[in-house]
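I have placed the structure first, in the form of structure tokens, so that the comments after it can refer back to it.
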Amino acid sequence: MRKSLVAGNWKMNGSNGTVDQLASGIVKNQADMTCDVVLCPVFVHLDRVSGIIDGSSVELGAQNCSDKTSGAFTGEVSVEMLKESGCKYVILGHSERRTLFSEQDSDVRNKLSLALESGLMPILCVGETLEERELGNAEEVVQRQLLAALSDLDLSLESVIVAYEPVWAIGTGLTATPEQAQAIHSFIRSVLGELSEELAQKVRILYGGSVKPGNAQEIFGQPDIDGGLIGGAALNVDDFIAICQAAG
Ligand code: PEP
């Protein structure tokens, strides 16, 4: 039985004050949430969110990490620094990183290896653009992204979370239908099964793309959907809690 997980990707939003309110509002309601809950603020807010969630069941994640361990890499943040700031998770290969910051499959792979080596749990994002879907290439794209990141890893797949995020559904208000999402989630599990059948059944696969309180229950009700990666709706305490409850 896979435990559901809901991660809030706060992206480049918030101030010290709003981040404090958001994190403490979520912690206050933790008793109502039975899924794993992860908050992913920007790097400079990690320490303060870590302080607010300390002692609660809510956990911390980062939105990215460097593919280097240390040295002259201005502006980068290493996996060890993230761990020191209290992170247990790190989002990798988000479509905004791939498209706006030109991250390649090989960059995502290097970051994922470093995250696993350090004991951080990667949330590996995969997903096709609208054009790729319309050309009938959604599965091919997702398979390429998965295998580029995960093939021939020495480390256990069990420590990886996959997030299927169709690019056309992120921040657009468009959502994959539960059936469309389930079809790709089941495909992802079958690709993981080629790496390890036993572990494929254990890996949690999250859905992301305009999840809201009104559609969460139907999406999370699909057999291969184990929770969500939430953007816009994670910035509102009530909406985020309602989504977590739908996942629980
Ligand atoms: C995301 O950016 O990971 C995401 C799912 O965003 P939204 O929920 O706003 O579509």
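Order of appearance sets the numbers: ligands from 1, and atoms from 1 within every ligand. Basis for what follows: all heavy atoms, side chains included, without hydrogens, waters or symmetry-related copies.
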### Contact (N/O only, under 3.5 Å) between Thr172 and ligand 1
no
### Task
Quick one: look at Ala169 and ligand 1, take heavy-atom pairs under 4.0 Å, and tell me if it's side chain, backbone, both or neither.
backbone
### Message
Evaluate Ile230 for polar contact with ligand 1, using N/O atom pairs at a separation under 3.5 Å.
### Response
no
### Message
When you group the ILVMFWY residues by side-chain heavy-atom contacts below 4.5 Å and let the links chain together, are Leu46 and Val42 in the same group?
### Response
no
### Query
Does even one non-hydrogen atom of Ala233 get within less than 4.0 Å of ligand 1?
no
### Task
Distance to 0.1 Å, residue and atom name: give those for the protein heavy atom nearest to atom 1 (C) of ligand 1.
His94 NE2, 3.2 Å
### Query
Under 4.0 Å between a Lys/Arg side-chain N and an Asp/Glu carboxylate O for Glu198 and Lys202?
yes
### Query
Any idea which atoms of ligand 1 are less than 4.0 Å away from a heavy-atom of Gly209?
5 (C), 10 (O)
### Any Leu116 side-chain heavy atom under 4.5 Å of Val160 side chain
yes
### Query
Taking everything shown except Gln201 itself, do over 12 heavy atoms lie less than 6.0 Å from its CD?
yes
### Task
Search all heavy atoms of Ile241 against all heavy atoms of Ile26 and return the closest pair with its distance.
CD1-CA, 4.5 Å
### Query
Angle class for the Tyr207/His185 ring planes (parallel below 30°, perpendicular above 60°, tilted otherwise)?
tilted
### Winner among Gly228, Ala234, Gly232 once heavy atoms are compared against atom 9 (O) of ligand 1
Gly232
### Task
Could you walk me through whether Arg98 and Gln104 pass side chain to side chain contact (heavy atoms under 4.5 Å, CB included), step by step?
CA-CA 6 Å; Arg98 292 181 192 263; Gln104 305 299 311; over 6 Å; no
### Query
Can you tell which part of Asn9 has a heavy atom less than 4.0 Å from ligand 1: side chain, backbone, both or neither?
side chain
### Message
For a salt bridge (Lys or Arg N to Asp or Glu O under 4.0 Å) check, start with the C-alpha distance between Lys212 and Asp239, then their side-chain angles and the critical distance, and finish with the verdict.
### Response
CA-CA 7 Å; Lys212 304 272 180 284; Asp239 286 354; over 6 Å; no
### Contact check: Gly231 vs ligand 1, nitrogen or oxygen atoms, below 3.5 angstrom
yes
## Note on the structure
Ranked by distance from atom 2 (O) of ligand 1, the top protein heavy atom is Lys11 NZ, 2.5 Å
### Task
Taking only heavy atoms of Gly171 into account, list the atoms of ligand 1 that are under 4.0 Å away from them.
7 (P), 9 (O), 10 (O)
### Message
Using a 4.0 Å cut-off to any heavy atom of Glu165, which atoms of ligand 1 qualify?
### Response
1 (C), 3 (O), 4 (C), 5 (C)
